[in-house]
Amino acid sequence: MAEFVDHLTVFVLATCVGWYVVWKVTPALHTPLMSATNAISGIIAVGAIATGGMAGASDTSRWIALAALFLAMINVVGGFWVTQRMLHMFRKKG
Amino acid sequence: MDTSIVAVAYLVAAVLFIAGLAGLSGQETARRGNALGMAGMAIALIATLLHPDVSPEHVGIIVAVALAGGALGAVLAVRVEMTAMPELVALLHSFVGLSAVLVGFASALQAGHHDGFAAVVHRGEVFIDVVIGAVTFTGSIVAFLKLRGSISGAALIVPGRHAVNLGVGAVTLGLMATYAGYDQLGALLAATALAAAFGVVLVHAIGGADMPVAVSLLNSYSGWTAAAAGFVLGNDLLIITGALVGSSGAILSYIMCKAMNRSIWNVVFGEYGATAGGASALDPALAAAVARGVNTASIDEAAQILRSATSVIVVPGYGMAVAQAQGPVRELAELLEAQGATVRYAIHPVAGRLPGHMNVLLAEANVPYDTVLEMDDINGDFPHTDAVLVLGANDIVNPAALDDPKSPLYGMPTLEVHKARAVFVVKRSMAAGYAGVDNPLYYKDNTMMVFGDARKVVEQIVKAMAHG
């Protein structure tokens, strides 16, 4: 239970940080914000690697985790790449 | 690699993600922000591969699968049209959702790390992860199909759905107790199926023009589901990142709702798109105006008025994206600027199908971002503007929102284009907007309707101006 509360503390604090940081994002960049958050939510790949790479995991569990990794990596690369593509389109006058 | 080094790497990654999002606060820092996010991701992935719990014999297959997924992501990112960004974002949300479901199941099948009450808590975490993930997955798929036009965008309401929703909630809680308390995998599977069905119904009930809210909401869910996966795996980096994404989506949903003067509850559980449309008692003044009919302008008349304008504001809506009119709009702006006029763009927060979508489309058409202004920054300028060009927008320029307490739009913040000296509304027909409400703007003396496809109309005006 203590472990759960530790994680809950991190979760609540991170939610607060996110709240204050994202309010500062300029509305003109709300679409890149969405694709950037798409990219970083691909962090679930880390969980998929940890689960799929575990020494004692069953084959079923391992392949399920590898499928999760595949999907998460689409997000990571696709999200960052398309964000970069969009951000390069924004130009100032002159 | 030592586990404490991995923990430090995760901490660095978390800080880089936060700095990356902070970079999006301004155009000047945005690209660097995105690069920081990429660096954070690379550090996190490499550190995880070197974690002592990841057995080296599996690293090969892990890297191969990761590269395959990444390659597919790159193809999607390179090929997507900017008009199709809402679809891509929805699709990526669905991947996060499905990925979280899979991670939850993979972890559920590896029982044995927890004993006693800790095992109950762990199964509770798996359950929450899988349920939110399943709703995110199917909800995003429906959103994707709606945005693509593969299925109707209209709101589809299941009869008695409030009772159904409550029932689904109660059954889910029962299944959670069964799975967490008694380790019945069947209960987890049943809850996954139920949550998947719920995701379909939930997004199906949200109408087409409310899609910015639906996509923002799913953005938020995709964050919460990643955070839940973090609880399952006891991984703080997942928890932090998921929480950041969750807050981000929640803020975007809030901004979108506020821009429509509606509550999130009303958007998700209301029946706005489905029931609005009945032309209720028309205001007598408006009825008289409707009877009089609208002013129309020919291409040449429009070109002539624009030629003498010194200040012009373009108001783009979803119709501009559909017609792909942004390129011709920029050409028109260049002609106007060449004659000494200032041209600016006014963006309503819910214009388009994704928050900020119009800004990206204009940027793609090489419109400088410092001429593209948010609603609150430009609304005061309409009274001293010579001409306004409304392209494929309707409800967001409806003056009834300001002065008609009986209008369903009353109270919604709108672009006050009717205050300008001349307003050109480019529109295919007189059909009402999404809200199904008539727009008094069209009947104003200073408004001229130019009927036709937005792209063709603007191209013709450009031609007429160039030859004049």
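Throughout, protein chains are lettered first and strands after them, A, B, ... in sequence-line order, and every chain is numbered starting at 1.
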Asker: Which is it for B/Asn219 and A/Thr37 under the side-chain contact (heavy atoms from CB on, under 4.5 Å) test, yes or no, and what are the steps along the way?
Answerer: CA-CA 8 Å; B/Asn219 185 236; A/Thr37 54; 3.1 Å; yes

Asker: Please classify the contact of B/Glu57 with chain A as side chain, backbone, both or neither, using a heavy-atom distance under 4.5 Å.
Answerer: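 When you check distances to chain A, no heavy atom of B/Glu57 falls under 4.5 Å.
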
Asker: Please state whether the side chain, the backbone, both or neither of A/Leu13 comes within less than 4.5 Å of a heavy atom of chain B.
Answerer: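 Contact with chain B: none, neither part.
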
Asker: Would you please classify the geometry between the B/Tyr254 ring and the A/Trp23 ring as parallel, tilted or perpendicular, with 30° and 60° separating the classes?
Answerer: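 Rings of A/Trp23 and B/Tyr254: perpendicular, as their planes differ by over 60°.
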
Asker: I'd like to check B/Val360 versus A/Pro32 (side-chain heavy atoms, cut-off strictly below 4.5 Å). Are they in contact?
Answerer: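 A side-chain contact under 4.5 Å exists here.
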
Asker: I'd like to verify something: which residue of B/Ile347, B/Val103, B/Leu238, B/Ile18 has the highest number of heavy-atom pairs under 4.5 Å with chain A?
Answerer: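 Option with the top pair count is B/Leu238.
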
Asker: Taking C-beta and beyond as the side chain, do B/Trp224 and A/Phe11 meet within less than 4.5 Å on heavy atoms?
Answerer: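 A side-chain contact exists here, since the closest heavy-atom pair is under 4.5 Å.
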
Asker: Return the CG to CZ distance between B/Leu109 and A/Arg62, rounded to the nearest 0.5 Å.
Answerer: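 Between atom CG of B/Leu109 and atom CZ of A/Arg62 there are 12.5 Å.
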
Asker: Would you mind checking which part of B/Val59 comes under 4.5 Å of any heavy atom in chain A, side chain (CB onward), backbone (N, CA, C, O), both or neither?
Answerer: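 Interface part for B/Val59: neither.
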
Asker: What part of A/Ala39 gets within 4.5 angstrom of chain B, counting heavy atoms only: side chain, backbone, both, or neither?
Answerer: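 Looking at A/Ala39, just its backbone touches chain B.
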
Asker: If I measure from the heavy atoms of chain A, does B/Val232 come under 4.5 Å with its side chain, its backbone, both, or neither?
Answerer: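 Nothing of B/Val232, per the 4.5 Å heavy-atom cut-off to chain A.
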
Asker: Chain A heavy atoms under 4.5 Å from B/Arg79: which part of the residue, side chain, backbone, both or neither?
Answerer: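 Looking at B/Arg79, just its backbone touches chain A.
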
Asker: Quick check: does any side chain N or O of B/Gln110 sit under 3.5 Å from a backbone N or O of A/Thr51, one acting as donor and the other as acceptor?
Answerer: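 Between the backbone of A/Thr51 and the side chain of B/Gln110 there is a qualifying donor-acceptor contact (under 3.5 Å).
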
Asker: Shorter than 4.5 Å, heavy atoms on both sides: which option in B/Val372, B/Val65, B/Leu244 has the most such pairs with chain A?
Answerer: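 Heavy-atom pair counts peak at B/Val65.
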
Asker: Measure B/Leu92 against the heavy atoms of chain A and call it side chain, backbone, both or neither at under 4.5 Å.
Answerer: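 For B/Leu92, heavy atoms of backbone and side chain both lie under 4.5 Å from chain A.
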
Asker: Determine the option with the most heavy-atom pairs under 4.5 angstrom with chain A, choosing from B/Ser99, B/Gly249, B/Ala243.
Answerer: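 Looking at each option in turn, the highest pair count goes to B/Ser99.
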
Asker: Among B/Val54, B/Leu233, B/Asp370, B/Leu98, which residue forms the greatest number of heavy-atom pairs with chain A at distances under 4.5 Å?
Answerer: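 Highest number of pairs under 4.5 Å: B/Asp370.
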
Asker: So for atom CH2, which belongs to A/Trp63, do other residues, nucleotides or ligands contribute more than 12 heavy atoms lying within a distance under 6.0 Å?
Answerer: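 Atom CH2 in A/Trp63 is not crowded, with 12 or fewer foreign heavy atoms closer than 6.0 Å.
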
Asker: I'd like to check the salt bridge (Lys or Arg N to Asp or Glu O under 4.0 Å) partners of A/Glu3; sequence neighbours left out, ordered by chain and number.
Answerer: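 Salt bridge (Lys or Arg N to Asp or Glu O under 4.0 Å) list for A/Glu3, sorted by chain: empty.
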
Asker: For B/Ile255, is it the side chain, the backbone, both, or neither that has a heavy atom closer than 4.5 Å to a heavy atom of chain A?
Answerer: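 For B/Ile255, the contact with chain A is made by the side chain alone.
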
Asker: Identify which of B/Ala250, B/Ser55, B/Ala71 forms the greatest number of heavy-atom pairs closer than 4.5 Å to chain A.
Answerer: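 Ranked by heavy-atom pairs under 4.5 Å with chain A, first place is B/Ser55.
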
Asker: With only heavy atoms counted, which part of B/Met38 is less than 4.5 Å from chain A, the side chain, the backbone, both or neither?
Answerer: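 Both backbone and side chain.
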
Asker: Please look at B/Ala74 and chain A and tell me whether the side chain, the backbone, both or neither of the residue comes under 4.5 angstrom of a heavy atom of that chain.
Answerer: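 Both parts, backbone and side chain.
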
Asker: Verify side-chain hydrogen bond (donor to acceptor under 3.5 Å, both in side chains) between B/Asn359 and A/Thr31, making sure each step is shown before the conclusion.
Answerer: CA-CA 8 Å; B/Asn359 302 76; A/Thr31 296; over 6 Å; no

Asker: What part of B/Ser94 is in contact with chain A, defined as an atom under 4.5 angstrom from a non-hydrogen atom: side chain, backbone, both or neither?
Answerer: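 Contact with chain A: none, neither part.
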
Asker: Does any heavy atom of chain A fall under 4.5 Å from the side chain of B/Val121, the backbone, both, or neither of them?
Answerer: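 Contact with chain A involves the side chain of B/Val121 alone.
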
Asker: If the threshold is 4.0 Å, N to carboxylate O, is there a salt bridge linking A/Arg91 and B/Glu364?
Answerer: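 The answer is no: the pair does not qualify as a salt bridge.
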
Asker: Enter the distance from A/Ile43:CD1 to B/Ile239:CD1 here, rounded to the nearest 0.5 Å.
Answerer: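 So the gap between those two atoms works out to 12.5 Å.
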
Asker: Please state whether the side chain, the backbone, both or neither of A/Val46 comes within less than 4.5 Å of a heavy atom of chain B.
Answerer: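 A/Val46 touches chain B through backbone and side-chain heavy atoms alike.
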
Asker: Measuring from B/Ser25:OG to A/Leu33:CG, what's the distance to the nearest 0.5 Å?
Answerer: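 The OG atom of B/Ser25 sits 11.0 Å away from the CG atom of A/Leu33.
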
Asker: Is the shortest side-chain heavy-atom distance between B/His357 and A/His30 below 4.5 Å?
Answerer: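 Answer no - side chains too far apart.
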
Asker: Would you give the length of the straight line joining atom OG1 of A/Thr26 to atom OH of B/Tyr369, rounded to the nearest 0.5 angstrom?
Answerer: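 If we round to the nearest 0.5 Å, A/Thr26:OG1 and B/Tyr369:OH are 10.0 Å apart.
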
Asker: Under 4.5 Å heavy-atom distance to chain A, tell me which part of B/Leu76 shows up: side chain, backbone, both or neither.
Answerer: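 Contact with chain A involves the side chain of B/Leu76 alone.
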
Asker: Nearest 0.5 angstrom please: B/Leu21 CG to A/Ile40 CD1, how far?
Answerer: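 Going from the CG atom of B/Leu21 to the CD1 atom of A/Ile40 covers 4.5 Å.
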
Asker: Hey, what do you get for CE (A/Met34) to NE2 (B/His93), rounding to the nearest 0.5 Å?
Answerer: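 Output value for this atom pair is 5.0 Å.
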
Asker: Does any heavy atom of chain A fall under 4.5 Å from the side chain of B/Ser248, the backbone, both, or neither of them?
Answerer: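 Interface part for B/Ser248: both.
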
